[in-house]
Amino acid sequence: MSLVGIASFLLLLVGLSQSVPPSFSVDFKNDCFRKDGEKFRYISGSIHYSRIPRVYWKDRLLKMYMAGLNAIQTYIPWNFHEESPGRYNFSGDRDLEHFLQLAQDIGLLVILRPGPYICAEWDMGGLPAWLLHKKDIVLRSSDPDYIAAVDSWMSKLLPMMKPFLYQNGGPIITVQVENEYGSYFKCDYNYLRHLTKLMRSYLGEETVLFTTDGASLGFLKCGTIQGIYTTVDFGPGSNVSAAFSVQRHAEPQGPLVNSEYYTGWLDHWGSPHSAVSAKKVAVTLNEILAMGANVNLYMFIGGTNFGYWNGANSPFAAQPTSYDYNAPLTEAGDLTEKYFAIREVIRMYRKIPEGLIPPSSPKFAYGAVKMQQLQTVSEALETISFSGPVESIFPQTFIDLNQAFGYVLYRTELPVDCSIPTPLASPLNGVHDRAYVSVDGVAAGILERNKVISINVTGKAGSQVDILVENMGRINYGRDINDFKGLVTNLTLGNVVLKGWTMYSLSIDQAIDQGLFWATKPTSAGPIRPAALSLPAFYGGAFMIPDGIPDLPQDTYIHLSNWRKGQVWINGFNLGRYWPSRGPQLTLFVPANILSTDTPNNVTVLELEMAPCLLGSCTVEFTTTPILNASVQSDHQQHWPMFGKALL
Ligand SMILES: *[C@@H]1O[C@H](CO)[C@@H](O)[C@H](O)[C@H]1NC(C)=O
Ligand SMILES: *[C@@H]1O[C@H](CO)[C@@H](O)[C@H](O)[C@H]1NC(C)=O
Ligand SMILES: *[C@@H]1O[C@H](CO)[C@@H](O)[C@H](O)[C@H]1NC(C)=O
Ligand SMILES: *[C@@H]1O[C@H](CO)[C@@H](O)[C@H](O)[C@H]1NC(C)=O
Ligand SMILES: *[C@@H]1O[C@H](CO)[C@@H](O)[C@H](O)[C@H]1NC(C)=O
Ligand SMILES: *[C@@H]1O[C@H](CO)[C@@H](O)[C@H](O)[C@H]1NC(C)=O
């Protein structure tokens with residue numbers, strides 16, 4: 001045996017002995033990834049555990065596996081896990097480790113995107129709102145206060161992720177540094193270098209780190225950094241070879257990677273629903289795979305912005321509750337034509353697992369549920385303002401009041417008689433984001449960021465002015481992510497700056513959780529003119545799951561067709577916002593796991609504008625069919641470019 005022969009024989013022995021630790025790396029010479037020494041290409045799909053109830057994680061992951069994917073990609077929303085500084089939550093629906101373990105058990109590798117900034121159409125791009133306690137903080141930069149918070153978060157998160165790295169026996173093959181940093185205005189290389197050092201120090205030198213940016217040289221300029229593998233993102237209909245040639249500009253050698261291949265697109269309230277045909281998605285996917293490239297389909301399943309988690313774009317346009325994304329698996333995890341079209345493309349490049357694809361889950365129409373008015377927000381103040389009122393001369397923001405999400409009530413008085421209609425205005429456009437104004441208990445109008453900065457009011461000097469301000473979700477993209485909420489500038493009445501505010505932080509979720517509204521008697525609403533406004537108020541109803549039908553409870557959709565705008569909870573679980581009067585989303589996904597078979601299911605609605613109850617019909621309806629694509633009602637319709645994330 002020659003020396004070379006002996007060496008190969010020894011290598012073979014080592015290979016057989018199982019003692020070779022798992023490895024994952026970039027093979028620059030052969031333009032590919034290498035997994036355990038073998039050439040490797042991933043076909044991945046995005047799934048955000050924060051948008052899917054934990055009980056459904058396994059079902060969704062299994063469907064992804066059965067589509068022929070060998071990896072998933074997920075974001076970690078920092079603000080989902082550290083809602084206040086140093087208080088971490090990784091349990092229940094936030095149990096990231098359980099999610100990673102499930103992926104591995106099913107046979108899926110993981111591409112991890114821990115941010116700290118994630119965009120994702122998620123409140124503030126995943127950054128915790130409490131960072132804004134430093135008013136002039138420069139987010140996503142070397143600002144020392146920002147860095148200190150990032151360091152502290154990563155010192156919690158990354159050691160937790162380390163055992164899940166591929167080389168440590170886990171599913172994580174690659175880790176992204178920041179997210180599309182080249183689309184941000186700061187271009188702070190020291191910040192990227194700091195993150196890189198941080199990740200290397202916790203995850204080790206051998207972990208494959210990468211960046212992702214839009215496929216144009218302009219984005220790579222500030223998005224890429226020496227020593228971190230550069231990838232790009234682009235959607236169907238793109239010139240694939242041109243897009244990858246942009247990646248090649250930064251990485252002359254190594255695997256081609258599209259980290260976000262768009263299967264659909266995001267929506268905004270007041271803009272038409274985005275839809276991309278299955279055929280279009282399949283055609284470009286085929287081109288990508290034919291080039292031998294790696295790809296991640298964004299999203300493979302979008303899920304739901306439960307509670308207050310949706311983000312917004314700038315100029316201000318909030319994203320709706322559904323994050324269906326027109327993805328191959330629907331918001332409810334159902335199989336679509338697009339799922340099968342994608343699977344057929346993947347089948348040409350990779351062996352598809354045998355066996356049954358888990359079916360779409362059955363939906364049940366629980367029907368109409370009668371609602372009754374409970375208290376108005378103003379009446380319920382004692383019950384729902386846990387921390388009590390705060391007084392100040394000029395209005396304070398949500399963050400000043402230590403409140404991250406939801407609603408704050410601002411109360412003051414008319415300083416002068418307004419016997420003729422007088423403008424109540426936010427001259428600096430500082431209503432973030434929508435304000436429901438009443439004078440002496442009568443609804444007077446709505447102020448809306450960028451849209452309505454002045455309304456007329458009448459009333460006597462000393463009349464009580466209640467302004468319920470809704471945080472509709474923080475901007476998640478671009479330079480406006482320092483998105484303060486509440487009344488962020490002064491309001492004026494005529495030429496006078498309004499002073500002497502009493503502000504109530506509202507703990508509505510906790511109050512509902514404790515069943516506080518159910519002890520209260522309904523108030524009589526008095527006659528209401530159709531199309532007029534009513535006071536923001538709570539409404540309640542309950543329904544039983546019928547007996548004698550097998551396999552209940554099942555998923556359903558709640559349709560609030562004659563309601564205007566508000567928030568809805570079932571059994572204390574915050575399903576999110578509804579706004580059918582603006583569209584395009586009309587129904588909210590209700591996962592079966594929040595329903596109870598042995599006690600009445602409690603529906604609580606906070607209607608901000610006008611409840612149908614005051615006009616005769618007072619029901620919400622549970623149906624089997626989602627409606628996400630209704631025509632939109634907006635005088636100020638904006639047209640957002642498809643796949644034009646970088647342009648937004
Ligand atoms: C942590 O998050 C889970 C899931 O949202 C929630 O059920 C639980 O109450 C939270 N725990 C704490 C201590 O806030
Ligand atoms: C795609 O881009 C390449 C340059 O990278 C160009 O040569 C080709 O003509 C383009 N194809 C189409 C269909 O525009
Ligand atoms: C407000 O009232 C004034 C008269 O006082 C009137 O000129 C103006 O059009 C009104 N504005 C609105 C928005 O109704
Ligand atoms: C409100 O007006 C007062 C007096 O003009 C000013 O001192 C204060 O800075 C203003 N507040 C905001 C948030 O603009
Ligand atoms: C609904 O509210 C009633 C009355 O407070 C309570 O008895 C019941 O347990 C609640 N149902 C659920 C599923 O929490
Ligand atoms: C909405 O989507 C449904 C189901 O995909 C489709 O049948 C319907 O025609 C669409 N409606 C509108 C207004 O686009």
Side-chain angles (χ1 to χ4, degrees), residues 132 135-136 215-217 232 234-249 252 256 258 280 283-284 286-288 290-291 293 366 369-372 374 383 390 392-401 408 410 412 415 425-432 435 449 453 467 469 482-501 503 509-521 538-545 552-553 556 568-575 590-605 622:
L132 300 175
K135 285 203 158 51
D136 56 352
S216 91
L217 292 180
V232 291
F234 57 88
S238 301
N239 181 331
V240 174
S241 57
F244 280 133
S245 75
V246 172
Q247 189 198 350
R248 276 283 172 255
H249 188 84
L256 295 175
N258 181 350
K280 201 169 165 189
V283 165
T284 308
N286 188 31
E287 289 177 40
I288 292 171
M291 287 183 74
Y366 301 98
V369 172
K370 193 157 171 33
M371 303 292 285
Q372 63 178 33
L374 306 173
T383 320
V390 170
S392 75
I393 298 176
F394 301 111
Q396 300 188 2
T397 66
F398 272 51
I399 284 301
D400 294 334
L401 298 165
V408 168
Y410 292 76
T412 186
S426 176
L428 298 176
N429 191 21
V431 170
H432 290 188
R449 184 172 181 179
I453 60 164
I467 304 179
V469 180
N482 295 46
D483 192 5
F484 291 87
K485 295 302 189 184
L487 297 181
V488 307
T489 60
N490 289 310
L491 293 190
T492 54
L493 183 72
N495 302 323
V496 187
V497 170
L498 286 172
K499 292 184 192 168
W501 293 92
M503 292 154 292
D509 293 78
Q510 291 89 320
I512 288 173
D513 214 35
Q514 295 171 21
L516 291 181
F517 299 109
W518 292 86
T520 64
K521 279 204 249 29
F538 294 99
Y539 299 80
F543 66 101
M544 288 296 290
I545 304 287
L552 292 189
T556 183
V568 58
W569 293 258
I570 295 184
N571 297 329
F573 183 87
N574 190 336
L575 283 174
V590 181
N593 62 289
I594 65 169
L595 301 177
S596 160
T597 45
D598 34 65
T599 58
N601 291 284
N602 302 315
V603 183
T604 313
V605 170
F622 289 92

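Counting from 1, the numbers follow the sequence of the chain as shown. Everything numeric here is computed off the predicted structure, so don't read it as measured data. First listed ligand is number 1; within each ligand, the first listed atom is number 1. Hydrogens, waters and symmetry mates are skipped; everything else that's a heavy atom, side chains included, is used.
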**Study point:** Enclosure of I393 CD1 (heavy-atom neighbours >12, cutoff 6.0 Å)
**Key:** no

Review point. Is there a side-chain contact between K499 and P415, using heavy atoms and a 4.5 Å cut-off?
Key: no

Review point. When only distance counts, is N601 in polar contact with ligand 5, meaning an N/O pair under 3.5 Å?
Key: no

Review point. So which residues, sorted by chain and number, lie with a heavy atom under 4.0 Å of ligand 4?
Key: F394, V488, T489, N490

Study note, to complete from the structure: Between P427 and the options N490, T492, T489, the side-chain contact (heavy atoms from CB on, under 4.5 Å) test singles out T492

Exercise for review: State whether the side chain of N429 and the backbone N or O of I453 hold a donor-acceptor pair below 3.5 Å, judged by distance alone.
Suggested key: no

Review point. Measuring from the heavy atoms of G515, does anything fall under 4.0 Å of ligand 5?
Key: no

Check your understanding: For S245, is at least one N or O under 3.5 Å away from an N or O on ligand 2?
Key -> no

Point to revise | Check: N239/S241 side-chain N/O donor and acceptor closer than 3.5 Å | key: yes

**Study point:** Listed once per pair and sorted, the salt bridge (Lys or Arg N to Asp or Glu O under 4.0 Å) pairs that draw on residues 392-401, sequence neighbours left out
**Key:** K135-D400

Practice item. Go through the side-chain N and O atoms of W569 and N602 and say whether any donor and acceptor fall under 3.5 Å apart. Key: no

Exercise for review: Mark up the atoms of ligand 2 that fall under 4.0 Å of a heavy atom belonging to A242, in ascending order.
Suggested key: 2 (O), 5 (O)

Check your understanding: Which ligand 5 atoms are under 4.0 Å away from a heavy-atom of P600?
Key -> 1 (C), 10 (C), 11 (N), 12 (C), 13 (C)

Exercise for review: Under 4.0 Å, heavy atoms only, figure out whether ligand 5 is touched by the backbone of A542, its side chain, both or neither.
Suggested key: neither

Exercise for review: Provide the number and element of each atom of ligand 5 under 4.0 Å from a heavy atom of S596.
Suggested key: 13 (C)

Review point. Distance-only, no hydrogens or angles: does the T604 side chain make a donor-acceptor pair with backbone N or O of G540 under 3.5 Å?
Key: no

Review point. Are L491 and I467 close enough that some pair of their side-chain heavy atoms sits under 4.5 Å apart?
Key: yes

Exercise for review: Just say parallel, tilted or perpendicular for the rings of Y366 and F622, cut-offs at 30° and 60°.
Suggested key: perpendicular

Review point. T599 heavy atoms, cut-off 4.0 Å: which ligand 5 atoms fall inside?
Key: 9 (O), 11 (N), 12 (C), 13 (C)

